[in-house]
Participant: 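Please find one structure pasted underneath; my questions will follow.
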Amino acid sequence: MSGVIFSAVDHQMMAEALSLARKGIATTQPNPRVGCVIVKNEEVIAHSWHKKAGCEHAEVLALQQAGEQAKGAVVYVTLEPCSHHGRTPPCADALIEGGVDEVIIAMEDPNPLVAGQGIKKLEQAGIKVRSGLLRQQAIELNRGFVRRMKCGRPWVTVKFGTSLDGRTAMHNGESQWITGPAARADVQRLRAASSAILTGAGTVLTDDPSLTVRLNGSARQPLRVVLDSNLSIPDRAKIYSDGHPLLLATVLDEKDDRFQQLRRHGIDIHSFPADESGRVNAKCLLQSLAADYLCNEILVEAGSVVCGKLLANELVDEIVLYFAPVLMGSGARGMFDIPELDTMVQRIHMAVKDVRPVGKDWRFTVQPVYQSEAE
């Protein structure tokens with residue numbers, strides 16, 4: 001909304017609302033993270049955040065705190081209040097009933113079921129609405145939700161623990177541990193904030209990982225998605241035995257004996273179209289994860305073939321690299337198996353978003369700049 005002027009107090013209160021919203025970073029899936037602050041006479045009288053999908057939204061919780069004081073108050077909320085009935089009633093209606101005077105919004109809701117209708121409903125009820133305050137910060141907080149609503153696929157982050165010479169495993173596949181305890185703990189936080197963790201059959205066969213969140217107090221386990229085109233993972237694999245959410249993605253027909261065997265054992269298994277190499281078509285898989293599993297953010301913890309395929313198809317949104325201060329040699333495995341590049345013009349450029357130390361290692365967060373975007 002162009003031309004809207006916000007005061008220093010407005011910025012302070014919206015920053016607080018965003019800070020509250022971040023508390024739900026690992027719990028609101030598939031809903032967006034939302035924070036709300038209610039202010040009267042430039043003093044906070046109530047605040048809350050959306051804590052879990054299916055529970056009351058941030059605005060409703062804050063209104064419950066404020067009670068009668070909400071009449072004539074200013075509400076700061078990080079996302080446009082919903083205007084439709086989902087698992088909870090519309091927040092726009094609650095704000096109207098609460099008698100608030102003004103609602104200041106960071107960003108409009110990209111959900112087609114809302115998309116400006118919440119603002120319209122508030123304005124029709126005589127409530128002043130201003131939007132766009134700290135909009136970019138709000139979008140960044142819910143980038144996966146925005147991507148799913150606007151593009152029909154999740155936000156995809158690829159994670160690697162790597163040496164200074166860009167190696168992720170020895171030539172025989174040994175990779176435990178390249179990075180230190182602090183970096184591995186940081187990865188747990190990445191997992192907790194993700195809707196799903198994607199890996200390949202090769203990683204499961206080599207490392208036999210669990211791919212679970214191991215943080216104190218973490219109640220939600222992301223969906224584990226394994227690209228297993230020919231269903232080659234043995235029954236003894238850890239990923240089968242812990243009871244946490246699991247999806248196998250294959251190209252085999254549902255009538256295949258192995259397909260039927262796994263399904264009889266309660267494994268969620270889906271057949272997808274094959275790509276030109278006979279493996280699961282990654283774009284189709286991501287579209288299904290968005291539409292059928294309501295995944296906002298995907299964390300990829302896989303080998304160079306899977307990651308290279310995603311990068312080559314411009315399906316990687318972000319790469320998080322944990323660099324350990326070690327060298328592993330030219331025979332060790334690299335990060336991305338991509339077609340050979342003959343000229344410098346063909347380089348895939350990266351935009352560096354963040355660099356910081358994590359224990360004895362360094363974490364680089366970069367985003368690919370694809371040729372299609374540059375054109």
Participant: How far apart are the C-alpha atoms of D186 and R184, what are their side-chain angles, what is the distance that settles it, and do they pass the salt bridge (Lys or Arg N to Asp or Glu O under 4.0 Å) test?
Facilitator: CA-CA 5 Å; D186 199 59; R184 297 199 295 275; over 6 Å; no
Participant: Do the side chains of I104 and V74 get nearer than 4.5 Å, heavy atoms only?
Facilitator: yes
Participant: Ring centres under 6.0 Å, that's the criterion: do F160 and F336 meet it?
Facilitator: yes
Participant: Does NZ or CZ of R33 fall inside the cone over W49's six-membered ring, less than 6.0 Å from its centre and within 45° of the axis?
Facilitator: no
Participant: Under a 3.5 Å distance rule, please check whether T28 uses its side chain to pair with a backbone N or O of N31 as donor and acceptor.
Facilitator: yes
Participant: With respect to E318, which candidate in R147, R143, K159 satisfies the salt bridge (Lys or Arg N to Asp or Glu O under 4.0 Å) definition?
Facilitator: R143
Participant: Can you find a pair of side-chain heavy atoms, one from Q65 and one from S48, that are under 4.5 Å apart?
Facilitator: yes
Participant: How long is the span from the CZ atom in R224 to the CG atom in L248, to the nearest 0.5 Å?
Facilitator: 10.0 Å
Participant: Could you give the distance from CD (Q69) to CD1 (I45), rounded to the nearest 0.5 Å?
Facilitator: 5.0 Å
Participant: For F323, enumerate each residue passing the ring pair (Phe, Tyr, Trp, His ring centres under 6.0 Å) test, keeping only those at least two apart in sequence or located in another chain.
Facilitator: F364
Participant: Which value, rounded to the nearest 0.5 Å, describes the distance between L223 atom CG and L294 atom CG?
Facilitator: 11.0 Å
Participant: Flag the pair R135 and E108 as a salt bridge only when some basic side-chain nitrogen lies within less than 4.0 angstrom of an acidic carboxylate oxygen.
Facilitator: no
Participant: Can you tell me how far CZ of R333 sits from CE of M328, rounded to the nearest 0.5 angstrom?
Facilitator: 10.0 Å
Participant: For R363, is there an ion pair with D361 - N to carboxylate O distance below 4.0 angstrom?
Facilitator: no
Participant: Any side-chain heavy atom of D10 sitting closer than 4.5 Å to one from Y76?
Facilitator: yes
Participant: Can any side-chain N or O of T206 pair as donor or acceptor with the backbone N or O of T203 at less than 3.5 Å?
Facilitator: no
Participant: Without swapping roles, check the side chain of D337 against the backbone of G308 for a donor-acceptor pair under 3.5 Å.
Facilitator: no
Participant: Distance-only, no hydrogens or angles: does the T168 side chain make a donor-acceptor pair with backbone N or O of G334 under 3.5 Å?
Facilitator: yes
Participant: Does a salt bridge link D317 with R153, judged by any charged N lying under 4.0 Å from a carboxylate O?
Facilitator: yes
Participant: Considering non-hydrogen atoms only, spot the tightest contact between C295 and I298 and give its length.
Facilitator: CB-CD1, 3.8 Å
Participant: Which value, rounded to the nearest 0.5 Å, describes the distance between I319 atom CD1 and T157 atom OG1?
Facilitator: 9.5 Å
Participant: Counting N and O atoms only, with roles assigned by atom type, does the side chain of Q260 sit under 3.5 Å from a partner on the main chain of D257, one being a donor and the other an acceptor?
Facilitator: no
Participant: Is the shortest heavy-atom distance from the side chain of L198 to the side chain of L299 under 4.5 Å?
Facilitator: no
Participant: Looking only at heavy atoms, which two atoms of A290 and P154 are closest? And how far apart?
Facilitator: CB-CD, 4.0 Å
Participant: Are K121 and E80 within salt-bridge range, i.e. N to O under 4.0 Å?
Facilitator: no
Participant: Salt bridge or not between E68 and K71? Use side-chain N to carboxylate O under 4.0 Å.
Facilitator: yes
Participant: Table please: side-chain donor-acceptor pairs of residues 281-289 below 3.5 Å, with sequence neighbours left out.
Facilitator:
unit_1: N281; atom_1: OD1; unit_2: K283; atom_2: N; d: 3.1
unit_1: N281; atom_1: OD1; unit_2: C284; atom_2: N; d: 3.0
unit_1: S288; atom_1: OG; unit_2: D292; atom_2: OD2; d: 2.8

Participant: Which pair of non-hydrogen atoms, one from Q367 and one from K353, has the smallest distance, and what is that distance?
Facilitator: OE1-CE, 3.1 Å
Participant: Of all heavy-atom pairs between V280 and S229, which one has the smallest distance, and what is that distance?
Facilitator: N-OG, 3.3 Å
Participant: Using the salt bridge (Lys or Arg N to Asp or Glu O under 4.0 Å) rule, pick out the option among D228, D235, D253 that qualifies with R258.
Facilitator: D235
Participant: With a 3.5 Å distance limit and no angle check, can you tell me whether N313 reaches the backbone of K309 through a side-chain donor-acceptor pair?
Facilitator: yes
Participant: I'd like to know whether S232 forms a side-chain hydrogen bond (donor to acceptor under 3.5 Å, both in side chains) with N230, so could you lay out the CA-CA distance, the side-chain angles of the two residues, the decisive distance to 0.1 Å, and finally the verdict.
Facilitator: CA-CA 6 Å; S232 58; N230 297 310; over 6 Å; no
Participant: Given side chains that start at C-beta, do those of V225 and L227 come closer than 4.5 Å, heavy atoms only?
Facilitator: no
Participant: Quick one: pull up CG in L122 and CD1 in I127 and give me the separation to the nearest 0.5 Å.
Facilitator: 5.0 Å
Participant: Determine, step by step, whether R191 and E301 satisfy the salt bridge (Lys or Arg N to Asp or Glu O under 4.0 Å) criterion, reporting the C-alpha distance in whole Å, the side-chain angles of both residues, the deciding distance to 0.1 Å, and the verdict.
Facilitator: CA-CA 10 Å; R191 288 182 180 180; E301 298 190 42; 2.8 Å; yes
Participant: Given 3.5 Å as the limit, does a donor-acceptor pair link the side chain of R22 with the main chain of V34, or not?
Facilitator: no
Participant: So do H47 and C36 actually touch side chain to side chain, heavy atoms under 4.5 Å?
Facilitator: no
Participant: Between T250 and L252 (side chain of the first, backbone of the second, donor and acceptor by atom type, cut-off under 3.5 Å), is there such a pair?
Facilitator: yes
Participant: Would you tabulate the side-chain donor-acceptor contacts of residues 95-103 under 3.5 Å, counting partners in other chains and residues two or more places apart, or write 'none'?
Facilitator:
unit_1: E102; atom_1: OE2; unit_2: R130; atom_2: NE; d: 2.6
unit_1: E102; atom_1: OE2; unit_2: R130; atom_2: NH2; d: 3.0

Participant: Around atom NZ of K51, are there more than 12 heavy atoms of other residues, nucleotides or ligands at under 6.0 Å?
Facilitator: yes
Participant: Looking only at heavy atoms, which two atoms of P30 and A53 are closest? And how far apart?
Facilitator: CD-CB, 4.0 Å
Participant: Identify the two heavy atoms, one from R214 and one from Q188, that lie closest to each other, and give their separation to 0.1 Å.
Facilitator: N-OE1, 2.5 Å
